[in-house]
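The next block holds one structure in the form of structure tokens; read it before the comments.
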Amino acid sequence: VPSGKYVSEKEFADILQKKFDDIDLLLIQSNALNEIPDVQLISDKEISAVIAKWGSQPGIPAPENLPEEILRNESIISLQETVSKWYQLSRILLKHSNETNFESITAEVEYWGKYLNALYNLKKQIEQKEVTLSLEILRFKKKLTKNDLIQELDLNQKIASVESFVKIMKEIPISSLTNAKDLGMVAEAMLRIFESSKKLFGNPEYPFEKCIKFLEVFSQDLTNCLITIFQSLNVLKMDFKEFEELSNQVKVKIVNIWNTQISTIKDFFNTNNTLDRNRFSSIVYKMKHTRFYDRIKLLFQCREEYESIKKNIKDINRKEEQNTEGGKPIDFLNEDDIRLTFERNFNSSLNLFDLSPKEEAAINNAKKKYNNEIEFQVKEIITKIRDLLGSSKNYNEMYKIFSKFSTLIKMPQVKSAVREYQESLLSKIQENTYDLFVRYKKKFETSGGMDIARHYGIPPLSGGHIWSEQLVKHL
């Protein structure tokens, strides 16, 4: 209210109501990205009174027959402001679906249903006599601008588009994914959801950008489902063969199915003349479920390394127990040492399926600590093996040591540490083999092989060559 100007109680109430309306408009604009705006087209009291008096008569009163107080300049200015707000509110609602992102497919399905109801409600309000009369008054006074033509908004087209979305959305079997109990059920649910979503993507009114967002949300829902299934399993303690089979199933039943379906969708967009052929191909996808699969591969790698060295230690200790040749027993690692090292680093403090960068760093740090401890233990193993090889009295003892630790010697660091002994033993074996070959080759003339060759008419030179070839195979 201008300073020093007197206003009546009614004028003050009208001014105050306009201020509240302005605040409501600002709140709706600021909250438009979060919730569907609750658009209410509130008419001026004078207009509402005229319509109430008009009653159930068809049409609306002629603007020229309205009371003078409704047609005066102050009332027309107020009416212009009211209609302009209607237009702004309606525009916010109509644009809302283009600016909304969702956290799940379920949330999007619910959204389109609520959004359609909001559009129905707006249409019902626009068809009210109060709105029609307000616009006719402005048209009569030649004060109607293009920003006041609320009835010319593409509301009916928008409603038709959203109705088609809602119909398809209701067919998407998202519950089959959320209720899946194993990977087989997840794979089946994925195929059904992809089949339904292709109908949505084929709808020309469904924006391309929303197709991409839908796939991202689908990936998030898929990841949540996989995490729920895997959290019920102790993948670090379950039988390794079962974990290996489970990891393979994630690749075959989840990752491969996803990639195949995405390839089909990509072909659809690339052959759709209404879209840029390279537009879909140019988008780099980093879907959430691929991060889950990366986590599974990381955990599998940790288990695989652990199971490998545990098996090696078990084989060595078994050979030591079966040693019947006496000698000083070897003070060596046992399976419990390896198990405790693994459990100490990969403990319950790790949230294995939290895909945040923080938890990924925690798992990688645990893997690094475990590898460092194992490396220290491997160094002790290397020292013991080298001591045994260095104290061996002959090549026979050296060969037995290599045989006993054959599984560990496959490890790169162990193989490198004993290479000099290995090369020395191989050289001696080759030398002995050659001596044996020469010795037996000379015995051909006095062997039964000579008599057989003579019986079949084979010349001595050819018979000797055949003898040598057979000897080489045996050696």
Side-chain angles (χ1 to χ4, degrees), residues 99-111 165 168-169 172-180 182-203 206-231 235 246-270 272 275-301 351-361 363-364:
E99 302 169 343
T100 306
N101 295 322
F102 307 100
E103 296 181 354
S104 66
I105 295 179
T106 300
E108 181 166 2
V109 172
E110 292 177 353
Y111 167 82
F165 300 162
I168 297 173
M169 286 286 181
I172 297 177
I174 187 61
S175 60
S176 63
L177 180 64
T178 55
N179 296 330
D182 56 51
L183 295 182
M185 295 176 68
V186 173
E188 182 180 346
M190 286 175 63
L191 290 171
R192 293 175 61 193
I193 292 173
F194 268 119
E195 193 62 31
S196 298
S197 65
K198 288 172 187 175
K199 298 177 184 178
L200 187 64
F201 298 164
N203 189 320
Y206 195 73
F208 173 80
E209 289 73 15
K210 283 202 172 295
C211 297
I212 305 305
K213 291 294 183 181
F214 182 93
L215 292 174
E216 292 176 353
V217 171
F218 183 11
S219 175
Q220 177 65 67
D221 285 347
L222 173 61
T223 303
N224 293 340
C225 179
L226 293 172
I227 288 175
T228 300
I229 291 173
F230 273 78
Q231 279 180 334
V235 297
L246 205 58
S247 301
N248 290 333
Q249 285 184 20
V250 172
K251 180 179 180 181
V252 174
K253 293 185 176 180
I254 307 301
V255 178
N256 289 355
I257 287 178
W258 180 278
N259 292 340
T260 300
Q261 293 297 320
I262 288 295
S263 179
T264 303
I265 293 172
K266 175 182 174 182
D267 291 341
F268 165 77
F269 281 117
N270 285 343
N272 190 329
L275 292 173
D276 180 357
R277 292 178 63 85
N278 296 319
R279 201 170 172 197
F280 190 89
S281 303
S282 64
I283 297 175
V284 179
Y285 289 97
K286 184 59 178 176
M287 297 295 180
K288 194 68 175 287
H289 73 274
T290 61
R291 291 169 58 190
F292 175 84
Y293 182 50
D294 289 341
R295 180 62 54 83
I296 290 293
K297 289 191 291 186
L298 174 60
L299 296 175
F300 179 78
Q301 183 185 27
N351 190 343
L352 300 179
F353 299 108
D354 178 350
L355 303 182
S356 66
K358 179 181 178 182
E359 198 60 32
E360 184 171 355
I363 293 175
N364 282 321

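Of the charged side-chain nitrogens involved, none lies within less than 4.0 Å of a carboxylate oxygen, so that Asp294 and Arg291 do not count as a salt-bridged pair.
Between the CD1 atom of Ile174 and the OG atom of Ser104 there is a distance of 7.5 Å, given to the nearest 0.5 Å. Atom CG of Leu215 is separated from atom CD1 of Ile105 by 9.0 Å, given to the nearest 0.5 angstrom. Atom-to-atom distance recorded for Ile257:CD1 and Thr260:OG1 is 7.5 Å, nearest 0.5 angstrom. Within the model, atoms CD of Glu216 and CD1 of Ile212 stand 7.5 Å from one another, a figure rounded to the nearest 0.5 Å. Note that CE of Met287 and CG of Leu222 are 11.0 Å apart. Values are rounded to the nearest 0.5 Å. Rounded to the nearest 0.5 Å, atoms NZ (Lys210) and CZ (Phe165) are 9.0 Å apart.
Take Asn364 and apply the side-chain contact (heavy atoms from CB on, under 4.5 Å) test, not counting sequence neighbours, and it matches Leu298, Glu360. Residues passing the salt bridge (Lys or Arg N to Asp or Glu O under 4.0 Å) test with Lys251, sequence neighbours excluded: none. Remark: Asp182 engages no residue in a side-chain hydrogen bond (donor to acceptor under 3.5 Å, both in side chains) (not counting sequence neighbours). For the side-chain contact (heavy atoms from CB on, under 4.5 Å) test, residues two or more places apart in sequence or in another chain that qualify with Ser196 are Ile172, Pro173. Residues meeting the side-chain contact (heavy atoms from CB on, under 4.5 Å) test with Gln249, sequence neighbours left out: Leu183, Glu245, Leu246, Lys253. With sequence neighbours excluded, the residues that form a ring-ring contact (aromatic ring centres under 6.0 Å, His included) with Phe214 are Phe201. Phe102 pairs by the ring-ring contact (aromatic ring centres under 6.0 Å, His included) definition with Tyr111, not counting sequence neighbours. Listed by chain and number, the residues in a side-chain contact (heavy atoms from CB on, under 4.5 Å) with Leu352 are Val235, Leu236, Leu299, Leu350, Ile363 (sequence neighbours excluded). Applying the side-chain hydrogen bond (donor to acceptor under 3.5 Å, both in side chains) rule to Ser219 yields the partners His289; only residues at least two apart in sequence or on another chain are considered. Residues meeting the side-chain hydrogen bond (donor to acceptor under 3.5 Å, both in side chains) test with Asn203, sequence neighbours left out: Ser164. The side-chain hydrogen bond (donor to acceptor under 3.5 Å, both in side chains) check on Ser263 picks up nothing, with sequence neighbours excluded.
Taking the six-membered ring for Trp and thresholds of 30 and 60 degrees, Phe194 and Trp258 have ring planes more than 60 degrees apart, a perpendicular arrangement.
The nearest pair of heavy atoms linking Thr178 to Ser175 is OG1-O, 3.1 Å. Minimum heavy-atom separation, Lys288 to Thr223: C-OG1, 3.3 Å. For Glu108 against Tyr206, the heavy-atom pair with the smallest separation is OE2-OH, 2.5 Å. Shown here for Ile296 and Phe353, the closest heavy-atom pair between the two residues is CD1-CE2, 3.7 Å. Nearest heavy atom pair, residue Leu200 against residue Met169, reads CD2-CE, 3.5 Å.
In the displayed structure, Gln231 atom CD is contacted under 6.0 Å by more than 12 heavy atoms of other residues, nucleotides or ligands.
Among residue pairs with one or both ends in residues 189-199, those qualifying as salt bridge (charged side-chain N to carboxylate O under 4.0 Å, His left out) are Glu171-Lys199; sequence neighbours excluded.
Not a single donor-acceptor pair under 3.5 Å links the side chain of Asp221 to the backbone N or O of Leu177.
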Self-check item: Derivation and outcome, side-chain contact (heavy atoms from CB on, under 4.5 Å), residues Ile254 and Phe292
Solution: CA-CA 11 Å; Ile254 307 301; Phe292 175 84; over 6 Å; no
